[in-house]
Amino acid sequence: MRRQVIVTLGTEEEESQYEQQDWRLHTQIQSVATEALGAGRAEALLTVHDDWYPNKTKSLNCDQAAVSADLVGELQGLLQGEFADWCLAIEVYRRSDGQEHELGPIRVYADKVFAVQALASHLES
């Protein structure tokens, strides 16, 4: 398992640079989702959180209907270069009766993917 990462931001410039890096990953995730799922479907099924924390983790919510080995593989492909030490924290849910029911997390790293057993079948190629 990966250790927790805390980034020390000592100046406003460092904070601004980190925020810009976070936003670059944010927009790349949205682009991958739009390409993989289609624009309307991506907006309905996957949300990338705007909030950022200095921990090199980008948080997403994703409907079970959108979770696939292909999508996770495409997202994992973003974790290289400047994002090689980042993590995508995907919280998967299922919608029914107008409510969201949490199914569990998927954690995506450059070299590994961790998921709860209930989601494993969605990640098999």
Side-chain angles (χ1 to χ4, degrees):
M1 204 59 145
R2 178 178 166 233
R3 69 182 194 283
Q4 184 175 358
V5 174
I6 302 293
V7 178
T8 302
L9 304 172
T11 66
E12 285 185 28
E13 182 178 340
E14 289 173 341
E15 183 175 320
S16 177
Q17 289 173 351
Y18 181 86
E19 186 176 8
Q20 290 171 21
Q21 183 182 32
D22 179 88
W23 188 251
R24 283 191 300 276
L25 182 55
H26 181 107
T27 59
Q28 289 180 28
I29 291 167
Q30 289 178 319
S31 293
V32 163
T34 298
E35 187 172 316
L37 303 171
R41 194 162 183 252
E43 286 181 25
L45 299 178
L46 189 138
T47 303
V48 184
H49 294 265
D50 291 337
D51 296 340
W52 64 268
Y53 303 96
N55 61 5
K56 294 193 175 190
T57 300
K58 196 67 187 162
S59 298
L60 300 81
N61 282 5
C62 188
D63 190 295
Q64 174 186 10
V67 175
S68 69
D70 290 341
L71 176 62
V72 171
E74 290 291 322
L75 292 171
Q76 187 177 33
L78 297 175
L79 301 179
Q80 55 186 317
E82 72 173 312
F83 304 116
D85 56 350
W86 282 63
C87 171
L88 302 180
I90 306 171
E91 299 302 323
V92 181
Y93 61 89
R94 179 184 33 132
R95 284 196 182 120
S96 66
D97 303 326
Q99 296 185 14
E100 293 181 1
H101 304 279
E102 187 176 322
L103 297 177
I106 298 173
R107 296 297 179 262
V108 181
Y109 301 93
D111 61 345
K112 294 180 180 82
V113 175
F114 296 100
V116 295
Q117 188 65 38
L119 298 171
S121 65
H122 294 280
L123 302 178
E124 295 172 356
S125 306

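Bear in mind the structure is a predicted one, so any value in this text is a computation, not a measurement.
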Reported CG-to-CG distance for the pair L60 and L46, which is rounded to 0.5 angstrom: 5.0 Å
Measure up the F83 and W86 rings against each other and bin them: parallel (under 30°), tilted (30 to 60°), perpendicular (over 60°). perpendicular
Quick check for you: to the nearest 0.5 Å, what is the distance between H49 atom NE2 and I29 atom CD1? 10.5 Å
Are any side-chain N or O atoms of S31 and backbone N or O atoms of T27, one a donor and one an acceptor, separated by less than 3.5 Å? yes
Minimal non-hydrogen separation, R107 against C87, with atom names: CD-SG, 4.1 Å
Please answer: with hydrophobic residues joined when any side-chain heavy atoms are less than 4.5 Å apart, are W52 and L75 in the same cluster? yes
Nearest heavy-atom approach of A33 to A42 is O-CB, 3.6 Å
Which class fits the ring pair F114 and Y109: parallel under 30°, tilted 30 to 60°, perpendicular over 60°? perpendicular
Residue pair V67 / I90, side-chain heavy-atom distance below 4.5 Å: no
Is the backbone N or O of W23 less than 3.5 Å from a side-chain atom of K58, with the two atoms forming a donor-acceptor pair by type? no
Minimal non-hydrogen separation, A110 against A84, with atom names: CB-O, 3.5 Å
CG (L88) and CD1 (I106) are apart, to the nearest 0.5 Å, by 10.5 Å
Testing the basics here: between L71 and A66, what is the closest heavy-atom pair and its distance to 0.1 Å? CD2-O, 3.3 Å
In Å, rounded to the nearest 0.5 Å, how long is the span from CD of Q21 to CD of Q17? 9.5 Å
d(Q30 CD, E43 CD) to nearest 0.5 Å is 8.5 Å
Spell out, yes or no, whether V92 and L45 are grouped together once hydrophobic residues are joined by side-chain heavy atoms under 4.5 Å, including indirect joins. no
Taking atom CD of E82 as the centre, report whether more than 12 heavy atoms of other residues, nucleotides or ligands fall under 6.0 Å from it. yes
Are S16 and Q20 close enough, and set up right, to give a side-chain hydrogen bond (donor to acceptor under 3.5 Å, both in side chains), and what steps lead you there? CA-CA 6 Å; S16 177; Q20 290 171 21; 3.1 Å; yes
Any idea which heavy atoms bring G104 and L119 closest together, and the distance? O-CD1, 3.6 Å
Basic-acidic side-chain contact under 4.0 Å: R24, E19: no
Linked, directly or transitively: Y18 and L79 (ILVMFWY side chains, under 4.5 Å): yes
So, taking the atom named CD in Q64 and the one named CG in L103, what distance separates them when rounded to the nearest 0.5 Å? 5.0 Å
Is it true that atom CD of E35 has more than 12 heavy atoms of other residues, nucleotides or ligands lying nearer than 6.0 Å? no
